[in-house]
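We use all heavy atoms of the structure for the numbers below, so side chains are in, but hydrogens, waters and symmetry mates are not.
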Amino acid sequence: MVKYGLDYTRCRWILPLLLGIGVIFGIIALSGRGWLESQTLPYIHQASLWQSCRRPEQGGEWSCESLMGYAWGRAAAATYLVGFILLVICFALAIIAFAIDTLRFNFIRGIGGLLFVAAMFSIMGLVIYPVKFSTEIEMTGINMFSWAYGFGWTTAIMEICLGFFFCCLPNYEDQILGNVKPTYFYSSP
């Protein structure tokens, strides 16, 4: 990408592709049941962003309670969902921006700013959830925040990193579009 610039056909789609991967990770985090799980036997507790499930003994039936009955549960779900929706909007805008033959660099910087806002909302949801969950929901045994919660953090980190890429990309507009004469450090005698 650095050597050929964004005009190189295959490298042009790296940033939208990374945004698409972030969207997939966000879907996994939103739908996954592994936000919190029991770490040791007996496995009696499992929670997602939307509900907390328990079973009295190994092999028993799971009984689930919605986290939407708690104000913090609605706040965590809403803030993470707003961050995810902003990520999807950024993905759509990036597809549009990179599909146009002449890149709109001010448009790309706006996508970067929107990604930072999405990261802020995602991180708010990811912080509210464990703090309030561990204080208000009774947990027995050793529990851990698991794979779906990790996908949520991965999405937030990708939003921050891609926000920097999208914001810094217009600084190199001339190099990307090939408007700068190459500088040679070797001079012939």
Side-chain angles (χ1 to χ4, degrees), residues 13-95 111-167:
W13 294 101
I14 288 177
L15 292 176
L17 175 69
L18 288 173
L19 275 175
I21 292 170
V23 168
I24 292 169
F25 286 173
I27 291 170
I28 292 171
L30 282 170
S31 62
R33 290 184 55 108
W35 278 56
L36 180 121
E37 294 177 338
S38 297
Q39 187 175 3
T40 58
L41 286 172
Y43 297 112
I44 58 171
H45 200 188
Q46 184 179 36
S48 69
L49 183 60
W50 313 102
Q51 62 185 0
S52 175
C53 299
R54 297 180 179 276
R55 63 179 167 185
E57 61 200 38
Q58 187 71 21
E61 290 294 320
W62 289 95
S63 63
C64 296
E65 169 192 16
S66 175
L67 295 178
M68 297 303 110
Y70 298 96
W72 61 267
R74 290 189 302 269
T79 54
Y80 191 79
L81 195 58
V82 166
F84 176 73
I85 290 170
L86 289 175
L87 177 64
V88 171
I89 291 170
C90 288
F91 175 65
L93 292 176
I95 294 292
I111 294 171
L114 197 57
L115 280 169
F116 284 122
V117 174
M120 180 188 68
F121 276 106
S122 297
I123 290 172
M124 283 175 19
L126 289 165
V127 169
I128 291 170
Y129 183 84
V131 169
K132 297 306 280 183
F133 192 97
S134 60
T135 58
E136 295 199 17
I137 303 289
E138 180 185 342
M139 295 189 284
T140 55
I142 299 172
N143 296 289
M144 66 177 177
F145 291 97
S146 190
W147 59 272
Y149 186 68
F151 273 107
W153 274 107
T154 304
T155 302
I157 291 168
M158 287 182 76
E159 289 168 345
I160 293 170
C161 294
L162 288 170
F164 278 116
F165 276 120
F166 275 94
C167 283

Using a 3.5 Å cut-off and no angle test, enumerate the donor-acceptor pairs between side-chain atoms of residues 85-94 and protein atoms at least two apart in sequence or in another chain.
none

> If you look only at pairs with a residue in residues 71-89, which of them pass as a salt bridge (Lys or Arg N to Asp or Glu O under 4.0 Å), with sequence neighbours excluded?
Replying inline: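 Residue pairs with at least one partner in residues 71-89: there are none.
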Considering non-hydrogen atoms only, spot the tightest contact between [X] and [Y] and give its length.
X	Y	result
W50	L30	NE1-O, 2.8 Å
C64	Q51	CB-OE1, 3.8 Å
S146	G34	CB-O, 3.0 Å
W35	A29	NE1-O, 2.7 Å
E37	Q46	OE2-NE2, 3.8 Å
S31	I27	OG-O, 2.8 Å

Enter the distance from [X]:[atom1] to [Y]:[atom2] here, rounded to the nearest 0.5 Å.
X	Y	atom1	atom2	result
L36	S134	CG	OG	9.0 Å
L17	I95	CG	CD1	8.5 Å
I111	F166	CD1	CZ	5.5 Å
I137	N143	CD1	CG	11.5 Å
Y129	F145	OH	CZ	6.5 Å
Y80	I128	OH	CD1	13.5 Å

>> Please evaluate residues L49 and L67 with respect to the criterion side chain to side chain contact (heavy atoms under 4.5 Å, CB included), reporting the C-alpha separation (whole Å), side-chain torsions for both, the decisive distance (0.1 Å), and the verdict.
In response: CA-CA 8 Å; L49 183 60; L67 295 178; over 6 Å; no
> Listed by chain and number, what are the ring-ring contact (aromatic ring centres under 6.0 Å, His included) partners of F84, not counting sequence neighbours?
Replying inline: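 Here no residue qualifies.
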>> Going by salt bridge (Lys or Arg N to Asp or Glu O under 4.0 Å), name the residues that satisfy it together with E65, two or more places apart in sequence or in a different chain.
In response: none
Just list the side-chain donor-acceptor pairs under 3.5 Å for residues 116-126, sequence neighbours left out, or say none.
residue	atom	partner	partner atom	Å
S122	OG	A118	O	3.0
S122	OG	E159	OE1	3.2

>> Between W72 and E136, do the side chains contain a donor N or O and an acceptor N or O under 3.5 Å apart?
In response: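 Per modelled atom types, E136 and W72 side chains form a pair under 3.5 Å.
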> Is any side-chain heavy atom of L115 closer than 4.5 Å to a side-chain heavy atom of L19?
Replying inline: yes
>> Applying side-chain hydrogen bond (donor to acceptor under 3.5 Å, both in side chains), can you list everything that pairs with S52, at least two apart in sequence or on another chain?
In response: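 Residues passing side-chain hydrogen bond (donor to acceptor under 3.5 Å, both in side chains) with S52: H45.
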